[in-house]
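Data block below; observations after.
Chain identifiers are assigned alphabetically (A, B, ...) following the order of the sequence lines, protein sequences preceding nucleic acid strands; residue numbering begins at 1 within each chain.
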Amino acid sequence: MELNFDGLMKTMEKAALSERGAAERVKEAQGKKARVKAATSWEDRWKQIFGMSKFKSGLDRQRAERVKAAVENGVLGMDVPPEKITGKLVSEKFRELELAEKNEKIAKLLKSKPDNYRLIQTEDQFKALLADLRHEPAFAFDTETTGVDVYQDVIVGVSLTLPRAGYHVYIPVAHNNAGPQLRRSYVLNGLKRYLTDPTVGKVLHNAKFDIHMLLRHGMRMRGLAHDTMIAMKILNENEPSVALKNLATRYGKFFGFDGESHTFEDLFGKACFADVPLDMALIYAAKDTHLTWELYKWQMEHLTKREDLLKLYRELENPLVDICVEMEQTGFAVDTAFAQEYGEELKGELAEVEKTLVAHFGEINFNSPAQLAEVLYDRLGLPQGKERSTDVKTLKGLKGRHPGIEPLLKYRELTKLLGTYVEALPHQLKADGRIHGSFNQVATVTGRFASREPNLQNLPPRARRLIVAPKGWLLLGIDFSQIEPRILAHMSGDPHFREPYLKGEDLYSTLAARVFKVPLSECGDGSKYRKMMKIGLLAVMYGTSMFTLSEQLGISVEEAHRFIEGFYDEYPDVYAFIKDTWEFVKKNEYVATLYGRKRRFPGHREQAIVYDQLAAKICKALGTERVPLDFWSNKGIPKDLKRKFGAVKGEVERVRRMAVNARIQGTAADIMKRALLNLYEYTRARGWKINGTVHDEALLLVRDTITLAEVEELEACMVRAAELEVPVKVDTEIMARWGDGVKKGEYKWVA
DNA sequence: GGCCCGAGCCAC
DNA sequence: AAACGTGGCTCGGGCC
């Protein structure tokens with residue numbers, strides 16, 4: 001636990017963790033249903049269904065109309081005749097409530113204006129501000145904009161908090177129908193030397209957004225000292241919302257903000273900030289930087305108590321913000337002609353397959369699992385699992401049973417490729433004809449990047465081919481080879497496991513030969529032993545159950561168990577690594593990566609203690625060393641033990657899997673982030689760009705005059721990012737089209 | 001018509 | 001009772 005306020009954090013983190021649990025959501029939904037049922041009036045019912053705080057859009061008015069209709073038709077079955085609804089349309093009533101609620105919040109907001117919030121509207125006021133800014137080694141900064149599209153919207157005002165001078169300002173520059181305002185260019189020019197000076201610290205909440213917005217107006221901000229959104233995720237990766245106002249509402253009492261802080265949407269709904277009156281805008285916007293600064297100080301209290309986290313934040317996450325901005329700004333070029341052509345080709349294929357499917361199954365929607373299940377299991381009487389699933393695995397199992405299955409699988413493949421990628425990507429182009437997705441450095445609990453709008457990390461090979469390098473440029477893909485097993489080799493310290501890497505042998509072949517006790521010559525590329533070993537090692541790292549592993553390998557559960565036991569016998573330190581992780585997370589409720597990133601599991605200790613105690617009792621009762629694989633069907637386990645153990649088994653084992661995985665996957669993520677920093681330094685000096693990252697691969701945009709020596713220097717940037725006691729290897733692909741390149745040895749170098 | 005969720009599936 | 005970790009997108013279908 002990083003933050004001191006144990007009770008609060010514990011509750012918070014528990015809530016956050018449970019939010020991830022589907023069971024909790026179901027329970028919540030059931031509770032909601034019950035409350036709705038119990039509501040005695042239409043108003044109550046509305047509240048329960050939508051929540052009073054959510055009155056904001058025209059959409060809700062539409063809903064309201066429907067509620068009214070439902071009331072009138074007696075559908076809701078309530079004893080509230082329509083005429084009793086205050087004589088007005090329901091929608092009007094809601095509009096009234098909505099307005100009243102908003103106005104109340106806004107009135108409260110206006111009344112709350114502190115004396116040190118200042119509106120800057122004249123040149124004199126602005127010059128006085130700049131004079132004070134000269135004495136600030138660091139300040140908080142924020143932009144207000146017409147919207148959240150960083151490639152379309154514009155800045156309508158900026159706010160600053162000057163901590164030494166002790167006041168907070170909002171400078172409107174493009175508000176509609178408002179009082180006197182300075183011009184945007186004048187204000188940005190005045191602030192430029194402070195915003196671009198790397199030695200003047202800027203503190204922002206979600207700096208990436210503001211850096212993009214400043215770039216819209218031709219300014220490159222430098223000198224990000226602290227990003228409170230990112231730091232929050234480092235302090236608590238389970239934080240459910242890192243929206244500034246939500247953090248203020250939740251933690252504000254620890255840094256001087258009592259009561260609720262309303263989000264923009266709460267106060268202004270879908271309005272454009274340019275239309276917000278200046279007095280209101282001041283309080284809202286100046287509060288943003290004010291909050292950001294206080295949150296920053298509070299976060300620093302906690303970070304300084306945890307040197308490892310401070311280091312992780314300062315040296316890794318904070319400088320990465322600039323790289324995220326660069327990746328997003330760079331974007332990906334799409335070969336639209338190829339996309340068009342390929343799309344047509346796929347559509348042609350799809351039409352053929354559809355014809356076949358109609359002949360087999362009739363005119364149904366083949367995209368609908370429900371309709372499909374009805375045809376497959378009810379009409380055609382194919383053998384159904386208990387779940388009537390229509391997923392690929394199930395369908396493959398039914399292949400021999402019906403001639404329509406094969407084309408159905410083909411249909412799935414084609415619609416996925418076409419609908420999710422080939423047709424979708426060209427729609428994502430921005431004004432400059434490139435795709436600018438967003439990369440989020442703190443979206444995952446393990447530290448990996450996430451990518452969205454579109455997700456460029458899950459393009460299948462065939463869709464990657466739509467992405468090309470612009471003329472005069474090349475795409476460079478440098479990926480870490482087997483980074484996760486290498487991390488396991490390093491962290492476990494297992495000398496036998498490290499051996500193949502140190503000797504330059506193939507990992508899986510060597511492992512397979514040892515575990516299966518067959519000559520190395522029988523474990524070469526493509527051999528069944530090597531294949532099994534590869535899956536087996538993945539199972540070890542991901543904590544796969546013996547049941548799943550047996551299915552994957554097509555062997556019995558007992559055989560799978562013997563296989564993994566055999567592996568642990570040969571590599572005892574790997575086993576110890578896993579057991580140590582379990583012990584550590586039981587004791588500390590967190591695990592850490594090689595570079596200090598933490599994943600916390602609040603509340604695990606208690607459950608793990610129960611788990612271990614009950615496991616010991618079961619072993620004693622059975623006279624075995626471990627809880628048997630057939631725990632659930634085992635008749636020898638006393639009923640009450642079975643019930644009690646069953647209650648904690650799933651969750652404890654889940655945490656243990658996540659903990660082991662977080663150490664390995666998280667360390668790999670750290671290494672990639674370190675690599676990106678090295679690459680950024682190298683490419684920036686040459687005007688090249690970092691394009692993106694796909695977990696163990698860095699994508700770069702480089703000039704086509706690049707030399708072999710330069711490629712090798714880029715590779716060195718990657719390799720030296722990993723400080724492992726086993727060699728680290730990278731592979732580079734040189735491409736004009738993503739996924740269609742050559743290895744550096746095969747490339748025809750210009751120079 | 002938008003929101004939400006599950007099923008299914010793509011990547012590493 | 002549940003069986004593999006981390007994500008995001010599309011679709012159908014239910015909701016109002």
Using the side-chain heavy atoms of A/Thr444, tell me which of these nucleotides is nearest: C/dG12, C/dG7, C/dC9. C/dG7
Would you indicate which nucleotide in C/dT6, C/dG13, B/dC10 comes nearest to any side-chain atom of A/Ser368? C/dG13
Under the 3.5 Å rule, do the base of B/dC10 and the side chain of A/Lys416 count as making a donor-acceptor pair? no
Is any side-chain heavy atom of A/Thr446 closer than 4.5 Å to one of A/Arg663? no
Candidates B/dG8, C/dA3, C/dT6 - which lies nearest the side chain of A/Ser545: C/dA3
Interface residues of residues 660-671 of chain A with DNA chain C (non-hydrogen, below 4.0 angstrom): A/Asn661, A/Gln665
Measuring from the side chain of A/Ala370 (C-beta onward, heavy atoms only), which nucleotide among C/dT10, C/dG13, B/dG8 has the closest atom? C/dG13
Give the nucleotide from the list B/dG8, C/dG7, B/dC12 with an atom nearest to the side chain of A/Pro369. B/dG8
Where the side chain of A/Pro460 is concerned, which of C/dT6, B/dC9, B/dA11 is the nearest nucleotide? B/dA11
Heavy-atom donor-acceptor pair, A/Asn458 side-chain to B/dC10 base, under 3.5 Å: yes
Regarding A/Gln371, tell me which of base, sugar-phosphate or nothing describes its non-hydrogen contacts under 4.0 Å with the strands shown. sugar-phosphate
For A/Thr390, which contact category applies under a 4.0 Å heavy-atom criterion: base, sugar-phosphate, or nothing? sugar-phosphate
Which class fits the ring pair A/Phe366 and A/Tyr411: parallel under 30°, tilted 30 to 60°, perpendicular over 60°? perpendicular
Pick base, sugar-phosphate or nothing for A/Glu697, based on heavy-atom distances below 4.0 Å to the nucleic acid. nothing
Counting any heavy atom closer than 4.0 Å, what does A/Leu549 reach on the DNA or RNA strands: base, sugar-phosphate only, or nothing? nothing
State which of C/dG7, B/dC10, C/dG12 makes the closest approach to the side chain of A/Asn367. C/dG12
Between B/dA11, C/dG12, C/dA3, which nucleotide gets closest to the side-chain atoms of A/Phe547? C/dA3
If you count every heavy atom of other residues, nucleotides or ligands that lies below 6.0 Å from A/Glu406 atom CD, does the total exceed 12? no
Side chains of A/Glu317 and A/Gln441: any donor to acceptor distance under 3.5 Å? yes
Is the distance from OP1 or OP2 of C/dT6 to the nearest side-chain N or O of A/Arg599 less than 4.0 Å? yes
For a quick check of understanding: with a heavy-atom distance under 4.0 Å over all strands, which category does A/Arg452 fall into, base, sugar-phosphate or nothing? sugar-phosphate
Is the shortest heavy-atom distance from the side chain of A/Arg486 to the side chain of A/Phe480 under 4.5 Å? no
Tell me, with the steps shown, if A/Phe567 and A/Tyr575 meet ring-ring contact (aromatic ring centres under 6.0 Å, His included). CA-CA 9 Å; A/Phe567 172 77; A/Tyr575 186 58; 9.8 Å; no
Please determine, for the side chain of A/Asn365, which listed nucleotide (B/dC12, C/dG7, C/dG12) has the closest atom? C/dG12
Please check if the distance between the ring centroids of A/Phe645 and A/Tyr611 is under 6.0 Å. yes
When you get a sec, tell me which of B/dC9, B/dC12, C/dA3 is the closest nucleotide to the side chain of A/Asp696? B/dC12
